[in-house]
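Just below is one structure, and these are the notes that go with it.
Chain naming here is simple, since letters A, B, ... match the order of the sequence lines and numbering starts at 1 in each.
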Amino acid sequence: MWGGPPGPRLAPWPASFQPPPSRRLRVLSRFALCTLPFALVSSLPAQTLVLLPGDTTLQGPRAYQKLVVQATYPDAHQKDVTSQANLTIADPKIASLDQEATLRPQADGTTTVTATLGPQRASLRITVRNAAQPSAPNFRTHVIPILTKAGCNSGACHGALAGKNGFKLTLRGYDPEVDFHTLTREALGRRVSLPDPARSLMLLKPTLTIPHGGGKRFDVSSPEYNTLVDWIANGAPAPRDSDPRIQSLDILPASAWLEPAASQQVLVRARYSDGHTEDVTRYVKFSSTDAGVASVDDLGRVQMTGPGEAAITVWYQSQVGFARLGVPYPNPVATSNSPRQNFIDDHVLRKLEALRIPTSPQADDNTFLRRVYLDAMGILPTPEEIERFTTDPSPDKRAKLIESILTRDEFTDYWAYKWSDLLLVSSRRLRTNAMWSYYHWIRTSVASNKPWDRFVQEILVSSGNTRENGALNFYVLHKNPIELSESVTKSFLGLSITCARCHNHPLEKWTQRDYYQMANLLSRIGLKNGAEAGDTEVYTNPTGEVNHPRLGKPLPPRPLDGQPLDLQSDQDRRRHLARWLTSTENPYFARALVNRVWQNFLGRGLVDPVDDVRATNPASNEELFTALTKDFTGHHFDVKRLISLILNSAAYQRASTTTPANEKDTKYYSHYLIKRLPSEVLLDAIAQVTRVPNRFDGYPAGTRALQLPDSQVNSYFLTAFGRPTRTNPDAGERQQEPTITQALHVINGDTLNQMLSAKDGTIDMFLKLGLSDAKAVEHLYLSAFSRPPAAPEKSQILAALTEARQATAQDPLEKDPRRKPFEDLMWAMLTGKEFLFNH
Amino acid sequence: MQKPKAKGKVQSAKRKSRRRASASFTFALCLLHFALCPAFPAVSYLQDVLPILRDNCLACHSSATKQGGLVMDSHESLLKGGAHGPSIVPNKSSESRLIQMLRGKLQPQMPLGGVLRPELIDTLAQWIDAGAPGPTPGETIPAAAPKIPDIRPRTAINPEVGSLAFSPDGKLLAAGRYKEVQLLDPSTSKVLATLTNHSDVVRSVAFSPDGKLLAAAGGSPAQFGEVVVWSTDTRERRATLRGHADAIYAVAFSSDGARLATASYDKLIKLWDASSGKELATLKDHIDSIFALAFSPDGKRLASGAADRTIKLWDAQSGRRLFTLSEPLDAILTLAFHPSGKQIAAAGADKFIRVWDLTDKGGTMVHSLAGHEDTILKLAYSPDGKRLVSSSADRSIRFWNAATLEEIKVLGSQSDWVQALTFSPDGKRLAAGRFDGSIALLTP
């Protein structure tokens, strides 16, 4: 069952992906398709044909447009049938078509192009204007893109800081005016020869007519050469302020489900400020987000390489976008039995159905209980809690459990810790009392479920004393506008704009201007020492600017792509930023938070990495992401509600066991993704099971690792297991990868071994109470694994315990022969995967 | 001693064996021939190997660029190798560094601009295995013959003025333009003669001190530099000097007119004998393109200014580098000695005019003035040493008090960049040549 007909043609992901109207038809066709091989399906007549890019205007003799004939089949999958279709032009005097299905202008007028394939037809109107009017290529819109696509101004070549061989271009053409002077005037104009255009150095080199360290970039017969030599022959006209500017890109097809190993041409058309459009496919930088699913060449020809979904991302002159192409897995589909608890499941299952990935069954009560306790609170359920939950007969017990979790102190501890990671709470750069006031402010906010927009606003717009208002410590940590603006965008928008500090961002639409306009919003924050050490007064300065480094002057403060403020305006710049940042219209703010929370529970963000929510890194399920974000902003940025929705979904409650058909899925939530417990949770869990509380220098006994406000607290275990240093808000700071150090520490190191041999722990409890082996084993299993031991496990362990006790009894040094076997058993359990991982 | 038997029999036997011997000898020769000359045609250094190297390697491994100390533009230099030793081992392609780097067995894989097609690498390997023979005497280098399309400009063009110079008697103004030098009458601005057949823009012109010779320097960028020495009276070509690997940006006669100095984009200064055209010396120290060059008024020293942000002073006789002035923050495009020889001024992309006091041992910066709003293109001292004039990409010409660098006058709104600026010998006129091709004779 395919996902349905494609959405509207503009990127990004279409708003809806509707299944066919008739449910019966859906069931029947699904059944039929389970058995039909693909080849058979596409040999059925196409249901519809579309001639991309649709109606077109060719302006000027130089214009052209490549065409693609796209067929849609009864099951809604698509195919590029350009090579099989028959293309004709009604009036060949107006325009011509060549072997590559490219339209070229002949004379002014309008005509129709028609494509036929079997009984299906499609057509588009082509209008030609100014076909006879000679026009010179435009330096800004034609020459710079060619230099960019040919790699001339890349960072490895002439776009490097020092250029190459004395020739320096701005990186990827971010400053056409400077490049124009370099090319036409620098060094007494050695690079362009107006009287003899083809002898210009800028053409002799890249065609390898004379030696060139960069090799051959294009041929003398290529369109690139022709455009450049035309530009020179027309007197090498300069870029002008009145040049048309790019406003947007049409990327077609915007989304499609294709056949296995299909080829698909992607078209890119640029729309300019003066209304005209141009086919820029040839000059776009293409890349694929998943080479295992699709690969793309320099000309936008995509080759599907495996099942799944990939985005073909497009970069052209700081405009970005993507096309979504996918191929379902070669499985028969059977998701109709998967439970649906809320809208999350509707979206998750729709995607899984389209991809033909079957779901795993739901997790049993024991598994679910342990999982949700660890994911939401970072603690293990006690044997009593397990007993109560598993014997509860009510059908909505899971929902009730989730509700009660949201009110617990441990829930508040866990999420206060998580936001402390984000806000970099530590004694590394803050005095102890300042750190505590920061932490307490965060914890209070979590406890009261402060809406996320208010949470961020309070950080951004407050003034006053950092001891009284802990949130202000944010400004003590990041002291200059550059650091501040990068931190704000990374933490709250999930965007990394650092690249744009020195040049236009190579992967995104952010320019260097955007970067410095953003930084100028944070240029008026004043800091003064307060009365005590660790006290700082934060206030708004009436003056202060950040200069753009090359222009040497400040730019109007403007939040990324929001509205700018006048430089002279006396409006509070921080408020302006906060308003834009936390607005329900801001496309990045809510998404960044939703993605972080989602990743905490499901193991992989809808966007991965979790804080790389950029336009060229699309979500694995865009409809779900949009729906979740809409719900979040529509309910006043209520974090607890979001968590509740996620926990109650069937997607979250699935088992982690896989089937051969879904074991390769790591993106679409067909099963729960196993993850290693974070360092603090692990340390606390060991303490909980051994009943030996952790001791942290300077903190009262019994403080759990998740209650620590400071990432600097000395703990070899925490460091080894990847505790973040809280130096910068990068989610990658917390290391979840397993390492040898961890394995060795857990096996041989002090932490676990000391806890096992400590007094008054679980083992002493067993000994004092005189518990039988069987009872002890059961208690340990419930405590560590949240489940009773299965019968074969139990009998094997009991036998081993008996044997071990007999061996220990021989040792005169051992006081109680029962102790060591229990220690060994606990060691085996606590160093095993079932304990160390959440599954 | 054997009794001779029937003569015929012995002779025939001998003959037979001789025939047999000659047959096997011929056979052996054939074998030797086939062993030495494989069935496929021999790979020629000049016809097959050099074109491959020229297209793919010489950008970085020419005598001017010499990456890794390796020059690949001649057979000897290939055998000699570079910093890592010989690049080819004759007869052993697999042990040759050249082949190992081309195939990626040694990193980084060459060429850096994109790996060679396997057939080309095989050709080189074949040549090495055949003993890496050099060019046979008398063999000529095949012409590079780049296929350059013939494209004509579609708009009216006024090619730039690259350089200007007054003759010592003030009666001629030489203007270096595209592929030609115009000799103008400064009083009427009429073109008296056009000296043609230069290879590209004439980027520097200089009269000899006695006015009899005119050196016009230029060359094809990234290909070669050339100076054409003309006779001022007969307007005939006297000599063509070639040797630089890139265009020449500055040329100057020594004060006795016996020698010429040239400075080029290839980072080298060369000294030549002005009458024979023989290359005398190469001065190598700059690490980037050299744009400015001048002999000191007493002829004893040479000053050069380059894109590496330095001015270097050299002993004009021996070519020894004396010292370097490195205060500038960006490329130097122009320099001028004060007529007294005691100071030197230089300027360029950092928009500052700097003046140094000069001694035998070094220079002390005495002025550093943010003179213009954009790159400074040309500096010139008035012959009386009282004023310094500068032109800039900000389209202005500014006059300064030479001693104090106070601004005296500004001629703004020039129609385009003034790339050539020179005083008449009597100091009464200032010639300005612009990027738009216009020449103005201003009153300074």
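With values rounded to the nearest 0.5 angstrom, B:S220 atom OG is found 8.5 Å from A:I210 atom CD1. For the atom pair CG of A:N165 and CG of B:D246, the computed distance is 7.5 Å after rounding to the nearest 0.5 Å.
Around CD1 of B:I287, the count of heavy atoms belonging to other residues, nucleotides or ligands within 6.0 Å does not exceed 12. Environment of CD in B:E373: sparse, with no more than 12 heavy atoms of neighbouring residues, nucleotides or ligands closer than 6.0 Å. By the 6.0 Å contact criterion, CZ on A:R129 is open, its count of non-hydrogen atoms from other residues, nucleotides or ligands being 12 or less. Remark: A:K285 NZ is loosely packed, at most 12 non-hydrogen atoms of other residues, nucleotides or ligands lying under 6.0 Å away. Enclosure of atom CZ in A:R513 is not indicated, since only 12 or fewer non-hydrogen atoms of other residues, nucleotides or ligands lie within 6.0 angstrom.
Closest approach of A:F167 and B:Y265 over heavy atoms only: N-OH, 4.3 Å. Minimum heavy-atom separation, B:C60 to A:G213: SG-CA, 4.3 Å.
Ranked by non-hydrogen atom pairs under 4.5 Å with chain B, the options A:P211, A:G214, A:C157 are led by A:P211. Of the listed residues (A:L201, A:T207, A:I232), the greatest number of heavy-atom pairs within a distance under 4.5 Å of chain B belongs to A:L201. With chain A as partner, the option from B:L112, B:D416, B:D150 having the largest number of non-hydrogen pairs under 4.5 angstrom is B:D416.
Both the backbone and the side chain of B:A222 come within contact range of chain A, each with at least one heavy atom under 4.5 Å from a heavy atom of that chain. Contact annotation for B:I157: only side-chain heavy atoms (C-beta onward) come within less than 4.5 Å of a heavy atom of chain A. Neither the backbone nor the side chain of A:K216 comes within contact range of chain B; no heavy atoms are under 4.5 Å apart. The parts of B:P149 that come within reach of chain A are both its backbone and its side chain, each placing non-hydrogen atoms under 4.5 angstrom from that chain.
In this structure, the salt bridge (Lys or Arg N to Asp or Glu O under 4.0 Å) partners of A:D196, at least two apart in sequence or on a different chain, are A:R199.
Using a 4.5 Å cut-off between non-hydrogen atoms, the part of residues 176-195 of chain A that approaches chain B consists of A:H181, A:T184, A:R185, A:A187, A:L188, A:G189, A:R190, A:R191, A:S193, A:L194, A:P195.
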